[in-house]
Amino acid sequence: MTANRINRQFRLAARPQGMVKESDLAYAEAPVPEPAADEVLVKTSHISLDPSMRGQMENRADYVAPLQIGDVMRAGGAGTVVASNRADLAVGTLVTGSFGMQDYCLSNGRDIPLRRFPAGVDAVTALGVLGGTGMTAFFGMLELGQPRQGNTVVVSGAAGATGSIAGQIARLKGCRVIGIAGSPDKCRWLVDDLGFDAAINYKTQNVGEELDRLCPQGIDVYFDNVGGEILDACLARIAMHARVVICGGISRYNTTGPIPGPRNYFNLVYRRARMEGFIVIDYASRFDQAAGEMKQWIDAGLIRHRATVIDGFTALPKALVQLFSGVNTGKLLVKTD
Ligand SMILES: NC(=O)c1ccc[n+]([C@@H]2O[C@H](COP(=O)([O-])OP(=O)(O)OC[C@H]3O[C@@H](n4cnc5c(N)ncnc54)[C@H](OP(=O)(O)O)[C@@H]3O)[C@@H](O)[C@H]2O)c1
């Protein structure tokens, strides 16, 4: 049934040196594979762009194996089962999974775990706020950040997929939330639409001075998506028993050479504070329950979400580069059709 159709792909062509480039990925075409016994064939409709993809293009193991030159670029996606040899996954089932930068992907459900879309949601929602980044915000903020009524919470990367949801969850828990983002439009969106109490534009404002003004009692929870100077500025201003959640460090992902350490880490001692990292996949067994709770918040109008959706499969390399220059508000996706 899949004869004569082409599986468009982007494969790793070169290991990035410094800032990732479009030419680090190469377009390729392959035949559409046929599912073996116990397999399904998924046709992707949306492909997710995630900062962690930059690290996977390097030849180093972190929490997943590095890609090899010539491999299909790893990426999360949403799609439809279009051929099935499995009784539990009928043709037409909508699923998310790590399908890679390609139109078609085989899965037996174990090699590439499949998540069905929660009932009544579209691909953008399934991949974004109810997908990996929404889950990261949920578990990172609630399990590690432990926001409490009246706490002052600061979120960096605040207008991105993870940060925008993490900040709103802290608002729901009765916190004062300050977002840090990279444009006036993003800062306006955080305050006017998402209900953040204030926002700092780190590209035009002095982050330290603004934090002093906005957090006179110190920061109880800092949800860090960026690392670098902003992490240091926040560490200098933590309150007693603060929780510093290390979610990501995008400011270092495209740099070469040694990464400077946080200078102000010793405040963790003076303030009896905790700094902790996490990887969201460790919470995978709880994703369905968390997505159910998140969906109730969305349906009740308590959480808002947005996505920047770029059209066309061939836009994928450019979209990956643009992720690092802040093209997106909310989740960044490419619609493949
Ligand atoms: N621990 C985990 O399990 C886990 C899971 C998912 C994601 N993450 C991490 O969470 C963070 C956010 O990921 P996401 O998928 O939600 O991406 P995202 O925030 O939607 O997109 C990335 C944003 O980062 C900002 N940015 C880019 N370069 C920057 C720099 N040098 N300094 C400060 N900000 C910069 C840009 O916004 P501006 O316009 O504001 O600069 C850009 O829009 C990343 O660090 C990612 O690695 C961690």
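Positions are given from 1 along the sequence. Every number for a ligand or one of its atoms is a count from 1 in the order of the listing.
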4.0 Å heavy-atom contact, Gly249 with ligand 1:
yes

* For ligand 1, find out whether one of its N or O atoms is nearer than 3.5 Å to an N or O atom of Ile246. => no

For Arg86, is there an ion pair with Asp38 - N to carboxylate O distance below 4.0 angstrom? yes

ask   = Quick one: does Lys203 get an N or O within less than 3.5 Å of an N or O on ligand 1?
value = no

### Message
Would you say Glu39 and Asn108 are linked by a side-chain donor-acceptor pair, where the criterion is simply a distance under 3.5 Å?
### Response
no

Under 4.0 Å from one or more heavy atoms of Ile279, ligand 1 contributes atoms 3 (O)

For Gly248, the atoms of ligand 1 under 4.0 Å from one of its heavy atoms are 9 (C), 45 (O)

ask   = Looking at Arg176 and Asp197, does any basic side-chain N land under 4.0 Å from a carboxylate oxygen?
value = no

closest protein heavy atom to atom 6 (C) of ligand 1 is Thr136 OG1, 3.5 Å

Atom 45 (O) of ligand 1: of Leu323, Val226, Asn225, the nearest heavy atom sits on Asn225

query = Any non-hydrogen atom of Gly330 lying under 4.0 Å from ligand 1?
reply = yes

Numbered in order shown, the ligand 1 atoms found under 4.0 Å of a heavy atom of Ala181 are 40 (O)

Checking heavy atoms under 4.0 Å, the part of Thr133 that sits near ligand 1 is side chain

For Gly160, the ligand 1 atoms with a heavy-atom partner under 4.0 Å come out as 18 (P), 19 (O), 20 (O)

Q: Take Gln217 and Thr152 through the side-chain contact (heavy atoms from CB on, under 4.5 Å) test and state the conclusion after the steps.
A: CA-CA 8 Å; Gln217 311 299 325; Thr152 296; 5.6 Å; no

Atoms of ligand 1 under 4.0 Å from any heavy atom of Ala161, numbered from 1 in the order shown, are 16 (O), 18 (P), 19 (O), 20 (O)

Taking atom types as modelled, is there a side-chain donor on Tyr104 or Arg8 under 3.5 Å from an acceptor on the other? no

Are any of the N/O atoms on Asn328, whether in the backbone or the side chain, positioned under 3.5 angstrom from an N/O atom of ligand 1? yes

CD (Glu22) and OH (Tyr27) are apart, to the nearest 0.5 Å, by 15.5 Å

*asked:* Geometry only, no angles: is Pro51 polar-contacting ligand 1 at N/O separations under 3.5 Å?
replied: no

One should read off an interatomic distance between Leu190 CG and Gln168 CD, to the nearest 0.5 angstrom, of 9.0 Å

Heavy-atom side-chain proximity of Phe117 to Thr93 below 4.5 angstrom: no

OG1 (Thr136) and CZ (Phe278) are apart, to the nearest 0.5 Å, by 5.5 Å

Among Tyr202, Tyr253, Tyr63, the residue with a heavy atom nearest to atom 41 (O) of ligand 1 is Tyr202

The closest protein heavy-atom partner of atom 3 (O) of ligand 1 is Val280 N, 2.8 Å

Quiz prompt | Electrostatic pair Asp50:Lys331 at N-O distance under 4.0 angstrom | solution = yes

Using heavy atoms and a 4.0 Å limit, tell me yes or no: is Cys247 in contact with ligand 1? yes

Numbered in order shown, the ligand 1 atoms found under 4.0 Å of a heavy atom of Gly182 are 38 (P), 39 (O), 40 (O)

Near Phe278 (heavy-atom distance under 4.0 Å), the atoms of ligand 1 are 1 (N), 2 (C), 3 (O)

Taking it one step at a time, do Phe138 and Tyr283 satisfy ring-ring contact (aromatic ring centres under 6.0 Å, His included)?
CA-CA 10 Å; Phe138 185 97; Tyr283 295 93; 9.2 Å; no

Exercise. Looking only at side chains, do Arg74 and Gln56 share a donor and an acceptor under 3.5 Å apart?
Worked result: yes

* Does Lys186, backbone or side chain, put an N or O under 3.5 Å from an N or O of ligand 1? -> yes

Do Ser156 and Asp224 get their side chains close enough for a donor-acceptor pair, meaning under 3.5 Å? yes

Look only at interatomic distance and state if Leu49 has a nitrogen or oxygen under 3.5 Å from any nitrogen or oxygen of ligand 1. no

